[in-house]
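The shown structure was predicted, so the numbers you read here are calculated from the model rather than taken from an experiment. We're numbering straight along the sequence, starting at 1.
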Amino acid sequence: MKFILVTVILVHHITAEHYKSKPSFVKTCSLSDPDFDDCSKTAVQLLFNALGPGLPEIDLPPLDPLKIPKIRILQGDGPVNVNAALDDVTVSGFGKTDVLLSQVDSKTYDFYTKVRVPKIRIEGTYDLKGKILLIPLVGRGRCWFEPSNMTIDIVSDVKLYDKDGFTFFNVTQVHVKYNIGVLKLYMHNLFDGISSLEESTNAYLNANWRPVSESLRPILSKTIEDILLGFMRQIFHNLPATFIIEDVKNNSLLSKKDDKQL
């Protein structure tokens with residue numbers, strides 16, 4: 001299967017002065033604490049709460065709503081075969097993220113996080129030519145997608161590095177798996193605005209949301225990974241690791257780790 005997705009997110013990496021003292025939205029935990037997972041869960045929840053409105057002091061835009069200028073999609077073969085673009089995209093809902101679990105590998109410092117998002121809404125202008133569930137689709141106009149009751153498992157690959165006498169986490173890659181309770185969507189101006197075809201096609205896609213969701217899984221997974229990677233890199237490049245985990249090892253003491261994926 002040929003699959004290409006390019007997401008452009010305006011997050012300015014390492015452009016701001018990093019925090020010299022611990023900000024109020026950061027809770028420090030210790031890996032040696034038997035209750036570390038509980039502490040880490042609370043700490044990550046505080047981070048998500050702070051990311052919602054954004055952190056202008058480190059050039060971090062709001063996570064909710066999140067503006068994405070462009071998403072380009074090219075996918076061939078299988079149940080989805082599309083050449084599409086989404087422009088002027090707004091993603092809302094991540095500000096209500098509920099952290100269910102947070103764990104950190106004591107040797108590699110890779111993060112494992114499980115979250116629930118009640119509803120995500122993706123809105124934008126689409127330009128589409130292709131097929132979904134073998135249905136030919138063509139059109140250009142406004143669209144929206146709403147996955148609800150979404151649980152997301154996130155594995156973040158992490159390395160340590162030193163800067164200005166501090167140790168920092170460098171999130172090099174993010175891998176996600178997710179499940180959703182229901183998916184709703186609507187694409188306006190399908191088939192050059194022939195209303196009967198537009199309405200019947202949208203009705204069919206919504207009635208068959210489960211296979212539609214599975215068909216769109218690679219696209220949605222990659223979009224979520226790109227969003228999380230951009231924000232996690234920015235926050236952790238500006239937040240010393242010891243503010244988060246007080247007994248983090250010195251970077252020079254870490255041995256090379258194997259890559260880990262879901």
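- A salt bridge links Lys222 to Asp226: one of the charged nitrogens lies within less than 4.0 Å of a carboxylate oxygen.
- Asn49 and Gln45 are linked by a side-chain donor-acceptor pair at a separation below 3.5 angstrom, with hydrogens and angles left out of the test.
- We find the CG-CG distance between Asp127 and Asp87 to be 8.0 Å, quoted to the nearest 0.5 Å.
- Ion pairing of Asp98 with Lys114 is absent here, as no side-chain N (NZ or NE/NH1/NH2) approaches a carboxylate O to less than 4.0 Å.
- Between Glu123 and Trp144, the shortest heavy-atom contact is CG-CB, 3.9 Å.
- With Tyr109 contributing its side chain and Val248 its backbone, the two residues share no donor-acceptor pair below 3.5 Å.
- A search for ring-ring contact (aromatic ring centres under 6.0 Å, His included) contacts involving Phe166 returns His18, not counting sequence neighbours.
- Ring planes of Tyr161 and Phe168: parallel class, angle under 30° (limits at 30 and 60°).
- Across all their heavy atoms, Pro53 and Pro62 have their closest contact at O-CG, 3.6 Å.
- Counted by atom type alone, Asp162 and Thr167 present one or more donor-acceptor pairs between their side chains at under 3.5 Å.
- Put simply, the side chain of Thr151 never gets that close to the backbone of Arg116: no donor and acceptor are under 3.5 Å apart.
- In this structure a side-chain-to-backbone donor-acceptor pair under 3.5 Å is missing from Asp153 to Val176.
- No single ILVMFWY cluster, assembled from side-chain heavy atoms under 4.5 Å apart, contains both Leu46 and Phe36.
- Taking all atoms of both residues into account, the shortest heavy-atom contact from Ser156 to Ile154 is OG-CG2, 3.8 Å.
- In this structure, the side chain of Ser200 engages the main chain of Leu197 through a donor-acceptor pair within 3.5 Å.
- At a threshold of 4.5 Å between non-hydrogen side-chain atoms, the residues Leu51 and Phe94 do not count as touching.
- Atom CD1 of residue Ile227 and atom CG of residue Leu63 lie 7.5 Å apart, to the nearest 0.5 angstrom.
- Grouping the Ile, Leu, Val, Met, Phe, Trp and Tyr side chains by contacts below 4.5 angstrom, directly or via other members, places Tyr186 apart from Ile194.
- Note that CD of Glu214 is 9.0 Å distant from CH2 of Trp209, once rounded to the nearest 0.5 Å.
- Note: the hydrophobic cluster containing Ile180 does not contain Leu100 (ILVMFWY, side chain heavy atoms under 4.5 Å, direct or indirect links).
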Intermediate values then yes/no, ring-ring contact (aromatic ring centres under 6.0 Å, His included), Phe236 and Phe111: CA-CA 12 Å; Phe236 289 122; Phe111 307 151; 5.4 Å; yes
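- Annotation for Gly93 and Val117: closest pair O-CG1, 3.4 Å, computed over non-hydrogen atoms.
- Atom CD of Glu57 is separated from atom CG of Asn238 by 9.0 Å, given to the nearest 0.5 angstrom.
- Counting heavy atoms from C-beta on, the side chains of Cys39 and Lys27 come closer than 4.5 Å.
- Asn206 places a side-chain N or O within donor-acceptor distance of the main-chain N or O of Leu185, the cut-off being under 3.5 Å.
- Heavy atoms from other residues, nucleotides or ligands lying under 6.0 Å from CZ of Arg210 number 12 at most.
- Contact check for Ile235 versus Ile58: side-chain heavy atoms found under the 4.5 Å cut-off.
- Side-chain contact check for Ser40 versus Val99: every heavy-atom pair is 4.5 Å or farther apart.
- The backbone N or O of Thr108 lies less than 3.5 Å from a partner atom in the side chain of Asp105, making a donor-acceptor pair.
- Side-chain contact between Leu190 and Glu199: absent, with no pair of heavy atoms (C-beta onward) separated by less than 4.5 Å.
- You'll find the side chain of Thr28 stays beyond 4.5 Å of the side chain of Thr242, heavy atoms only.
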Step-by-step side-chain hydrogen bond (donor to acceptor under 3.5 Å, both in side chains) determination, Asp247 to Ser30: CA-CA 6 Å; Asp247 52 354; Ser30 173; 3.0 Å; yes
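- You'll find the side chain of Ile224 reaches within 4.5 Å of the side chain of Met150, heavy atoms only.
- Side-chain contact between Arg140 and Thr125 is present, with heavy atoms from C-beta onward closer than 4.5 Å.
- Remark: side-chain polar atoms of Arg121 are not paired, donor with acceptor, to backbone N or O of Glu146 under 3.5 angstrom.
- Summarising the local packing, NZ of Lys22 is surrounded by more than 12 heavy atoms from other residues, nucleotides or ligands at distances under 6.0 Å.
- With no hydrogens or angles considered, no side-chain donor-acceptor pair links Arg142 and Asn189 at under 3.5 Å.
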Trace of the side chain to side chain contact (heavy atoms under 4.5 Å, CB included) decision for Leu229 with Gln173: CA-CA 7 Å; Leu229 181 61; Gln173 201 166 2; 5.6 Å; no
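- For the pair Arg217 and Tyr178, the distance from NZ or CZ to the six-membered ring centre is under 6.0 Å and the angle to the ring normal is within 45 degrees.
- Without hydrogens or angle criteria, Asn202 side chain to Met187 main chain gives a donor-acceptor distance under 3.5 Å.
- Residues Leu86 and Arg72 come closest through the heavy atom pair O-NH1, 3.9 Å.
- Atom OG1 of Thr90 and atom CG of Leu66 lie 8.5 Å apart (nearest 0.5 Å).
- Hydrophobic clustering (side-chain heavy atoms under 4.5 Å, transitive across Ile, Leu, Val, Met, Phe, Trp, Tyr) groups Leu31 together with Phe243.
- A chain of hydrophobic side-chain contacts below 4.5 Å, direct or via other Ile, Leu, Val, Met, Phe, Trp or Tyr residues, connects Phe191 to Leu205.
- Between Asp64 and Ser92, the closest heavy-atom pair is OD1-CA, 3.3 Å.
- Checked options Ile122, Val91, Asp88; the residue passing with Ile68 is Val91 (criterion: side-chain contact (heavy atoms from CB on, under 4.5 Å)).
- With sequence neighbours excluded, no residue forms a ring-ring contact (aromatic ring centres under 6.0 Å, His included) with Tyr204.
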Test log, rule side chain to side chain contact (heavy atoms under 4.5 Å, CB included), inputs Leu220 and Phe145: CA-CA 10 Å; Leu220 189 53; Phe145 301 85; over 6 Å; no
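- In this structure, the side chain of Gln103 does not engage the main chain of Asp37 through any donor-acceptor pair within 3.5 Å.
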